[in-house]
Amino acid sequence: MKLTETVLPGVYIVEAAVFGDHRGWFMETFSDAKFREQGIDIAFVQDNQSYSAVQGTLRGLHYQLNPKAQTKLVRCTRGVIFDVAVDVRAGSPTYGKWFGIELSAENKKQLLIPKGFAHGFMTLTEDVEVQYKCDEPYAPECDGGILWNDPAIGIEWPLHVTPVLSGKDEMAPLLKDAVLNFTYNH
Ligand SMILES: Cc1cn([C@H]2C[C@H](O)[C@@H](COP(=O)(O)OP(=O)(O)O[C@H]3O[C@H](C)C(=O)[C@H](O)[C@H]3O)O2)c(=O)[nH]c1=O
């Protein structure tokens with residue numbers, strides 16, 4: 001299981017070994033032991049799955065506030081998404097910076113997004129399924145969001161379309177107005 005740190009320290013691309021044979025393939029999508037071997041110790045407690053029918057659906061940018069902040073391990077098991085993490089930790093050298101990557105059923109890549117980062121994705125195909133592990137349970141009272149196209153963040157979403165959004169995401173605040181309680185610890 002290969003973990004590659006991105007331009008956002010703490011955000012990793014995760015590539016599991018894929019064992020192919022005449023029937024198809026097998027992979028360990030998460031391994032606590034393999035993460036620990038690389039100094040990453042996360043106790044996931046909840047698995048999520050979402051389905052988005054339409055190309056250009058955008059879910060995000062979301063986070064849960066402390067004390068229920070979530071680390072997420074995200075993968076796309078049908079179709080293709082552009083997955084994005086944004087650093088929202090006060091005092092971080094990469095505060096307000098984003099990283100995005102194509103995750104797909106085909107490339108089998110995953111993105112590990114630590115606490116203190118907002119997360120969102122845009123579907124690049126129809127019929128998209130996304131699955132992700134979280135290390136804190138759902139806590140709606142700690143729900144937070146930032147507007148997907150905040151110019152201060154400047155995410156370069158691949159599809160130049162008006163995305164399909166939830167009402168909540170349509171009305172999300174700009175980063176400067178968002179409720180945040182994350183601090184950067186060196
Ligand atoms: C996140 C979550 C939601 N729900 C319920 C609440 C709503 O009735 C319904 C849809 O929730 P929401 O519109 O927040 O779902 P998404 O827009 O896909 O939000 C998620 O997508 C972005 C990309 C994320 O990173 C977060 O995990 C999460 O915010 O599921 C639950 O029951 N448990 C949960 O953990």
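These numbers were taken from a predicted model, which means no experiment stands behind them. One is the number of the first residue; the rest follow in order along the sequence. Order of listing sets the numbers, starting from 1, for every ligand and every atom in it.
Between Asp41 and Arg36, at least one side-chain nitrogen of the basic residue sits less than 4.0 Å from a carboxylate oxygen of the acidic one, meeting the salt-bridge criterion. A salt bridge links Lys34 to Glu28: at least one charged side-chain nitrogen sits closer than 4.0 Å to a carboxylate oxygen.
Considering backbone and side-chain N/O of Ser50, none are found under 3.5 Å from N/O of ligand 1. Considering both main-chain and side-chain atoms, Ser166 never comes within under 3.5 Å of ligand 1 through any nitrogen or oxygen pair. Considering backbone and side-chain N/O of Lys168, one or more are found under 3.5 Å from N/O of ligand 1. Below 3.5 Å of separation, one finds an N or O of Gln46 facing an N or O of ligand 1.
Protein heavy atoms are found inside the 4.0 Å sphere centred on atom 29 (O) of ligand 1. In this structure, atom 8 (O) of ligand 1 has its sub-4.0 angstrom surroundings free of protein heavy atoms. The presence of a protein heavy atom under 4.0 Å from atom 34 (C) of ligand 1 is confirmed. Note that atom 24 (C) of ligand 1 has protein non-hydrogen atoms nearby, at separations under 4.0 angstrom.
At a 4.0 Å heavy-atom cut-off, ligand 1 does not touch Gln70 at all. Contacts between Arg59 and ligand 1 below 4.0 angstrom, taking non-hydrogen atoms only, involve backbone and side chain alike.
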Discussion item. side-chain contact (heavy atoms from CB on, under 4.5 Å) for Asn66 and Phe182? Distances and angles first, verdict last.
Written reply: CA-CA 7 Å; Asn66 285 320; Phe182 308 108; 3.5 Å; yes
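Of the protein's non-hydrogen atoms, the one nearest atom 22 (C) of ligand 1 is His62 ND1, 3.1 Å. Residue, atom and distance of the protein heavy atom nearest to atom 6 (C) of ligand 1 are Tyr138 OH, 3.4 Å.
Side-chain atoms of Thr77 and Gln131 form a donor-acceptor pair, as typed in the model, at a separation below 3.5 Å. There is no side-chain donor-acceptor pair under 3.5 Å between Asp47 and Gln49. Side-chain contact of Arg59 with Ser52: a donor-acceptor pair under 3.5 Å is present, judged by distance alone. No side-chain donor from either of Gln64 and Glu136 sits under 3.5 Å from a side-chain acceptor of the other.
Residue contacts with ligand 1 include Lys72, since one of its heavy atoms falls under 4.0 Å from the ligand. The shell of residues lying under 4.0 angstrom from ligand 1, judged by heavy atoms, excludes Tyr63.
Listed by number with element, the atoms of ligand 1 under 4.0 angstrom from any heavy atom of Tyr132 are 20 (C), 21 (O), 24 (C), 26 (C), 27 (O), 28 (C). Residue His119 has at least one heavy-atom neighbour below 4.0 Å for each of these atoms of ligand 1: 23 (C), 24 (C), 25 (O).
Between the side chain of Thr94 and the backbone N or O of Lys97 there is no donor-acceptor pair closer than 3.5 Å.
With respect to Asp83, the side-chain hydrogen bond (donor to acceptor under 3.5 Å, both in side chains) criterion is satisfied by exactly one of Gln110, Lys109, His119, Lys72: His119.
Separation of the Tyr63 and Phe117 ring centroids does not fall under the 6.0 Å cut-off.
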